[in-house]
Amino acid sequence: MRKNWTDSDQILALNLYHMLPFGRLSETTAEIKALAAQMDRTPGSVSMKLCNFASLDPVIYESGRKGLSNVSKKDREIWAWHIENPKEFQEKSQKLLDEISDEDVLSSDDIKTQNRATKTERKSVIKIRIGQSIFRKMVLENYQGKCCFSGVDIPQLLVASHIVPWADREDIRLNPRNGLCLSSIHDRAFDQGYWTLSEDSKIVISEELKRTNSDFIQENFLQYEGRGLFPPENYNLDPKFLDYHREIIFKP
C-alpha cells in the first residue's frame, strides 16, 4: 500500500534537498537511504521526492538541468510555503532534526569529516546552509535570475549578496530586502566596499577603485557609475540597509 507523505516528511525531505548537490539525488546516496529508513520508506521514493523539488528550483531549471515532471500539488504548495516563510521552515526543520535519533542521518559529507564537532555544532551548520539556500532562491527570483548590476544571467556566476553582512545582523539574514543578485566579481567588490548605492539608488564607485588604470575595472565598474540597478520584481530594497552599507562598509 502506498504511504502518503505527511507534512513532517515533506519538510524533512525538503531540508535534505537543500543539503545535497543536484548530482547526488540518487537512491544510492547514503543520506537519502538513512532518511528513508527513518520514514519507513524506500530510498527510491525519497529520491523521487527530492527530484520533484528540483523541478521547482529556479537555480536548477535556469541552469538547463531538470528534475522529475510528476510534481504533485502538495509538492508545489510546500515549496511555495518554505520560500514565503523561511523562518518558520527553519524552525520546523530544526525541531524535526532534533527528533531524529541518528544524528548523522542528515549530515553531508563534509560535515561528517568534522569528527570532533558536536551534534549541536553540526545542526548549526545545517541550519545556516538551509537559510543561505532559501535566501539565494528568494534573491535570484527577485531579480529574475540576473545580476542587478551588470545583467549577467548565468546562474553559476550569480551570488545572493547581503547588503548588511550576514555576520552583522542575524535578524535580517533571510530578508530579501537585504539582498542583491550580483555576479561573483560585483558581489566581492560590494562586500569589500568598492561600490555602493546613493540615497537615490545610483551606483557610486569608490575613489580607491577609480585610481586603477585597469581596463577590466573601467569596463566592469567605472562605466556603470551613476546608473541604477536592474529593479527587483517582488521585494524593494530597504533604505535603512543601504544606509548601513554606505556608512559602514563603503570606502569613499
Does the side chain to side chain donor-acceptor pair (under 3.5 Å) test come out yes or no for Thr28 and Ser26, once each step is laid out? CA-CA 5 Å; Thr28 61; Ser26 164; 2.9 Å; yes
Show your working on side-chain contact (heavy atoms from CB on, under 4.5 Å) between Gln10 and Trp81 and close with a plain yes or no. CA-CA 11 Å; Gln10 291 267 83; Trp81 168 78; over 6 Å; no
After noting the C-alpha distance and the side-chain angles of Asp9 and Arg41, does the key distance pass the side-chain contact (heavy atoms from CB on, under 4.5 Å) rule? CA-CA 10 Å; Asp9 289 346; Arg41 295 182 177 278; 3.3 Å; yes
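The two residues His82 and Leu14 have their closest heavy-atom pair at CG-CD2, 3.4 Å. The two residues Leu158 and Arg136 come nearest to each other via the heavy atoms O-NH1, 2.8 Å. Smallest separation of non-hydrogen atoms from Phe135 and Arg173: CD1-O, 3.3 Å. Heavy atoms only, all atoms of each residue included: Lys146 and Asp153 are closest at CB-CB, 4.0 Å. Scanning all heavy atoms of the two residues, the minimum distance from Gln144 to Asn142 falls at NE2-O, 3.1 Å. Minimum heavy-atom separation, Glu27 to Ile32: CA-CG2, 4.3 Å.
Distance CG/Leu242 to CZ/Phe250: 13.0 Å, rounded to 0.5 Å. Leu25 CG to Ser47 OG: the interatomic distance, rounded to the nearest 0.5 Å, is 6.5 Å. In this structure, SG in Cys181 is found 11.0 Å from CZ in Phe230, a value given to the nearest 0.5 Å. Atom CG of residue Leu157 and atom OG of residue Ser184 lie 6.0 Å apart, to the nearest 0.5 angstrom. Here the CD1 atom belonging to Ile248 is positioned 11.0 Å from the OG1 atom belonging to Thr196, to the nearest 0.5 angstrom. With values rounded to the nearest 0.5 angstrom, Asn175 atom CG is found 9.0 Å from His162 atom NE2.
With hydrogens and angles left out, the side-chain atoms of Tyr17 and Asp57 include a donor and acceptor closer than 3.5 Å. Between the side chains of Asp75 and Ser72, at least one donor N or O lies within less than 3.5 Å of an accepting N or O. In summary, the side chains of Ser55 and Asn52 do not present any donor paired with an acceptor at a separation below 3.5 Å, with no hydrogens or angles considered. Under the 3.5 Å distance criterion, with hydrogens and angles disregarded, no donor-acceptor pair is assigned to the side chains of Thr212 and Ser214.
When hydrophobic clusters are built by joining Ile, Leu, Val, Met, Phe, Trp and Tyr residues whose side-chain heavy atoms come closer than 4.5 Å, directly or via intermediates, Val204 is not grouped with Tyr194. Side-chain heavy atoms closer than 4.5 Å link hydrophobic residues (I, L, V, M, F, W, Y) into clusters, and following such links, possibly through other members, connects Leu16 to Leu56. Cluster annotation: Ile217 is connected to Ile185 through the hydrophobic network of ILVMFWY side chains, with a link wherever side-chain heavy atoms come within less than 4.5 Å. If you chain together hydrophobic residues whose side chains sit under 4.5 Å apart, Leu180 and Ile249 fall into the same group. The cluster map of Ile, Leu, Val, Met, Phe, Trp and Tyr, joined by side-chain heavy atoms under 4.5 Å apart, puts Val159 and Tyr224 in different clusters.
Under the ring pair (Phe, Tyr, Trp, His ring centres under 6.0 Å) rule, Phe149 has a single partner from Trp195, Phe190, Tyr143, which is Trp195.
Looking only at side-chain heavy atoms (C-beta outward), Leu229 and Leu197 come within less than 4.5 Å of each other. Between Tyr235 and Asn178 the shortest side-chain heavy-atom distance does not fall below 4.5 Å. Within the 4.5 Å cutoff, the side chain of Met39 has heavy atoms near those of the Leu35 side chain. Residues Tyr244 and Ile163 form no side-chain contact, since every pair of their non-hydrogen atoms from C-beta on lies 4.5 Å or further apart. Side-chain contact between Cys147 and His186: present, with at least one pair of heavy atoms (C-beta onward) separated by less than 4.5 Å. In this structure the side chain of Leu174 never reaches within 4.5 angstrom of the side chain of Phe89, judged on heavy atoms. Side-chain contact between Glu77 and Lys73 is present, with at least one heavy-atom pair separated by less than 4.5 Å. By the 4.5 Å heavy-atom criterion applied to side chains, Leu237 and Arg177 are not counted as neighbours.
Geometrically, Lys49 engages Trp5 in a cation-pi contact, judged by NZ or CZ lying under 6.0 Å from the ring centre and within 45° of the ring axis.
Arg188 CZ: 12 or fewer foreign heavy atoms inside a 6.0 Å radius.
The salt bridge (Lys or Arg N to Asp or Glu O under 4.0 Å) pairs that include a residue from residues 243-252 are Asp243-Arg246, where partners are two or more places apart or lie in different chains.
A salt bridge does not link Asp7 to Lys92: none of the charged side-chain nitrogens sits closer than 4.0 Å to a carboxylate oxygen. A salt bridge is defined here as a Lys NZ or Arg NE, NH1 or NH2 lying under 4.0 Å from an Asp or Glu carboxylate O, and Lys210 with Glu207 meets this definition. Between Glu141 and Lys137 there is no salt bridge, since no side-chain N of the basic residue sits under 4.0 Å from a carboxylate O of the acidic one. Residues Asp200 and Lys202 are not paired through a salt bridge, judged by the lack of any N-O separation under 4.0 Å between the basic side chain and the carboxylate.
Listed for the Glu225 side chain is a donor-acceptor partner under 3.5 Å among the backbone atoms of Ile205. At distances below 3.5 Å, at least one donor-acceptor pair connects side-chain atoms of Asn220 with backbone N or O atoms of Phe216.
Applying the salt bridge (Lys or Arg N to Asp or Glu O under 4.0 Å) test to Asp171 and every residue at least two apart in sequence or in another chain returns Arg169.
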